Amino acid sequence: MCAIMGYTQRDIPRETLTAAFAKTASRGPDDTRIMDTGPGTLLFHRLSIMGVHPEGMQPFTAPDGSAVVCNGELYGFRRTREALREKGYTFRSDSDCELLLPLWREYGVELFPQLDAEFALILYDAAAGEFIAARDPIGIRPLYYGESATGGMLFASEPKNLIGLTGEIKPFPPGHYYRDGKFTCYRDITRTAAVCHDDLDTVCRKIREKLIAGVEKRLDADVPVGFLLSGGLDSSLVCAIAARLLGKPIETYAVGMSTDAIDLKYARQVAEHIGSHHHEIYITEEDVLSALEQVICTLGTYDITTIRASMGMYLMCQAIHAESGIRVLLTGEISDELFGYKYTDFAPGPAAFQAESEKRVRELHMYDVLRADRCISANSLEARVPFGDLDFVQYVLSVDPAKKVNVYGKGKYLLRRAFEGDWLPESILQREKAAFSDAVGHSLVDDLKAHAERTYGDDWRELAEKYAYHAKPFTKESLLYREIFEKYYPGQAAMVAGFWMPNRSWEGCDVDDPSARVLSNYGKSGE
């Protein structure tokens with residue numbers, strides 16, 4: 001990961017911008033550069049992943065004074081670079097992001113729909129004297145914005161960079177670019193031209209091929225790569241594919257509570273099957289509670305399920321950073337949004353399943369993708385998400401929802417069928433979905449709830465009224481998280497749409513806790 005920031009005017013002192021930007025130095029600990037563009041300022045913290053030599057440092061500039069900062073990975077950039085060289089462009093580094101200014105010169109805003117990338121960027125076009133910002137269609141790379149008191153635009157990788165510089169902080173909408181004072185959607189990943197009616201065998205073959213391609217392109221790095229392995233279907237598939245593609249043992253990491261590490265035994269089975277170098281990280285109640293405030297500050301959210309799931313992930317990534325040379329981590333996020341959660345088994349029909357899937361994909365940048373980005377980047381690592389591959393996501397979303405809804409007696413049936421064979425042990429391939437925050441150990445969530453109970457008395461509802469302006473807390477646990485959030489992001493709760501919860505309008509989903517454990521169909525998922 002890297003961190004970027006930009007301001008389109010000059011009235012905020014450089015030292016003020018520098019201090020605000022320093023809050024995300026852990027995203028890019030290798031180097032920092034601040035550039036005066038003339039009309040404004042661009043700022044960059046570097047985590048060296050591609051083109052690790054000094055020549056790969058940003059901002060990249062052009063002879064006319066144009067400049068760009070980007071937190072991103074441009075897949076297949078070597079072919080693009082050769083095509084640009086044939087047009088007369090020269091390059092000083094092996095960084096993928098050095099291509100952005102030549103591509104901007106060639107295509108302008110038509111560049112963005114062409115990118116096979118996870119990215120957030122801020123570009124200064126010297127010829128036009130304007131700033132442009134853009135973000136990938138899923139929002140895997142973070143970007144936030146706000147207006148200064150004088151009407152200038154501020155952009156930054158994380159909301160903590162903008163506290164005190166703007167009134168309302170907003171997430172930059174995925175799949176959009178900003179130019180001339182307005183946001184334009186260049187790609188809505190949830191909109192498909194037509195429903196795909198491929199037969200079942202074809203659907204599963206394409207799912208397999210496209211996911212393999214998504215993993216393969218994300219293995220390209222000039223630094224060591226590792227893999228988060230929960231023992232669930234999604235991360236296990238990513239690890240199995242990578243091990244087969246690389247033809248050598250990969251580095252896998254799993255986390256669990258020291259008292260009831262549900263997932264660790266399954267992760268161990270996968271690791272043995274694929275022959276990985278496997279690492280187990282144990283955490284305790286004390287670890288979780290002592291890290292809670294830092295995790296919420298890091299996340300910039302009050303959402304219950306995001307915080308629960310982040311505790312194990314944050315502490316695991318902290319250990320990976322401290323104990324290894326790993327710089328890139330592949331993860332299993334974004335599968336649930338495409339193939340279904342436990343609660344989507346209650347969808348009243350295919351159309352409802354599809355609408356819910358599209359909604360979850362549109363909101364990913366505020367929940368699971370946010371969790372993965374912050375937990376990993378706060379520990380100076382980079383997250384890559386194969387299930388978020390644009391071609392893969394677009395295809396799965398286009399598949400006839402009648403094939404995706406659970407009529408098979410097994411959730412995520414298409415994904416399981418796509419990888420039948422020797423990819424994974426059959427017990428893992430058919431393992432029921434278990435929520436990550438629960439499967440790290442049921443005691444993790446129970447410990448957090450107990451801590452909230454100790455913190456508040458019977459007057460907690462009155463305290464919650466202070467936060468009724470948006471997503472009012474509805475349990476002691478949610479109040480605990482919200483009060484910590486407001487300490488660091490006062491009045492900014494609208495950055496998140498609200499609490500991630502099952503679709504409570506569906507029969508069987510009207511619950512008061514986001515955990516799948518409270519659903520009637522959870523069964524043996526967490527055992």
Side-chain angles (χ1 to χ4, degrees), residues 49 204-205 207-258 261-283 312-313 315-335 372 376 379 381-389 392 412 415-434 436 439-441 527:
I49 301 295
C204 292
R205 175 178 57 79
I207 285 173
R208 181 175 62 256
E209 291 173 351
K210 291 177 183 293
L211 184 58
I212 291 171
V215 172
E216 184 170 25
K217 66 180 69 170
R218 284 162 179 80
L219 297 176
D220 186 5
D222 294 334
V223 293
V225 177
F227 300 81
L228 301 187
L229 176 57
S230 73
L233 176 65
D234 310 325
S235 65
S236 297
L237 281 175
V238 170
C239 292
I241 293 167
R244 186 169 295 191
L245 288 171
L246 292 171
K248 63 180 182 180
I250 62 173
E251 302 293 325
T252 54
Y253 296 86
V255 64
M257 295 294 288
S258 58
I262 297 167
D263 264 352
L264 287 185
K265 64 180 180 181
Y266 297 109
R268 203 175 301 130
Q269 291 173 22
V270 175
E272 291 173 358
H273 184 82
I274 65 175
S276 69
H277 292 149
H278 190 55
H279 311 266
E280 295 182 342
I281 297 161
Y282 288 87
I283 57 177
M313 191 175 206
L315 292 167
M316 173 169 52
C317 292
Q318 190 176 71
I320 293 170
H321 174 70
E323 300 169 9
S324 78
I326 296 295
R327 283 233 161 176
V328 173
L329 289 171
L330 270 66
T331 76
E333 277 76 26
I334 310 185
S335 173
I376 293 174
N379 292 292
L381 304 165
E382 174 170 295
R384 294 186 181 177
V385 191
F387 280 99
D389 185 78
F392 180 81
K412 297 186 178 179
L415 184 60
R416 298 178 198 275
R417 176 169 170 161
F419 285 91
E420 289 178 342
D422 62 350
W423 291 91
L424 291 171
E426 187 67 13
S427 60
I428 301 295
L429 188 66
Q430 301 303 328
R431 185 189 172 200
E432 289 291 346
K433 167 70 178 174
F436 179 61
V440 167
E527 296 180 3

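Bear in mind the structure is a predicted one, so any value in this text is a computation, not a measurement.
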Contacts of Arg244 that satisfy side-chain contact (heavy atoms from CB on, under 4.5 Å) - sequence neighbours left out: Asp422, Trp423

By ring-ring contact (aromatic ring centres under 6.0 Å, His included) - contacts of Phe227 (at least two apart): none

Side chain Arg268, main chain Ala254, donor-acceptor under 3.5 Å: no

Residues that Ser276 engages under side-chain hydrogen bond (donor to acceptor under 3.5 Å, both in side chains), provided they are two or more places apart: Thr252

Residue pairs, two or more places apart or on separate chains, that pass side chain to side chain donor-acceptor pair (under 3.5 Å) and touch residues 217-226: Arg78-Asp220, Asp116-Lys217, Glu118-Arg218, Lys217-Asp389, Arg218-Asp389

Pairs meeting criterion salt bridge (charged side-chain N to carboxylate O under 4.0 Å, His left out) with involvement of residues 245-258, two or more places apart: none

Return a table of donor-acceptor pairs under 3.5 angstrom between the side chains of residues 316-326 and protein atoms on other chains or two or more places apart.
unit_1, atom_1, unit_2, atom_2, d
His321, ND1, Asn379, O, 3.1
Ser324, OG, Ile320, O, 2.7
Ser324, OG, Ile326, N, 3.2

Partner residues of Gln430 under the side-chain hydrogen bond (donor to acceptor under 3.5 Å, both in side chains) criterion, sequence neighbours left out: Glu426

Closest heavy-atom pair and its distance - Leu211, Leu415: CD2-CD1, 4.3 Å

Residues which pass salt bridge (charged side-chain N to carboxylate O under 4.0 Å, His left out) with Arg208, listed by chain and number, not counting sequence neighbours: none

Sole candidate of Ile241, Leu429, Val270 that passes side chain to side chain contact (heavy atoms under 4.5 Å, CB included) when paired with Ser236: Val270

Residues which pass salt bridge (charged side-chain N to carboxylate O under 4.0 Å, His left out) with Glu272, listed by chain and number, not counting sequence neighbours: none

Test salt bridge (charged side-chain N to carboxylate O under 4.0 Å, His left out) applied to Glu382 - qualifying residues, sequence neighbours left out: Arg141, Arg384

Partner set under side-chain hydrogen bond (donor to acceptor under 3.5 Å, both in side chains) for Arg327, not counting sequence neighbours: Asp30

His279: partners by ring-ring contact (aromatic ring centres under 6.0 Å, His included), with sequence neighbours left out: Tyr253

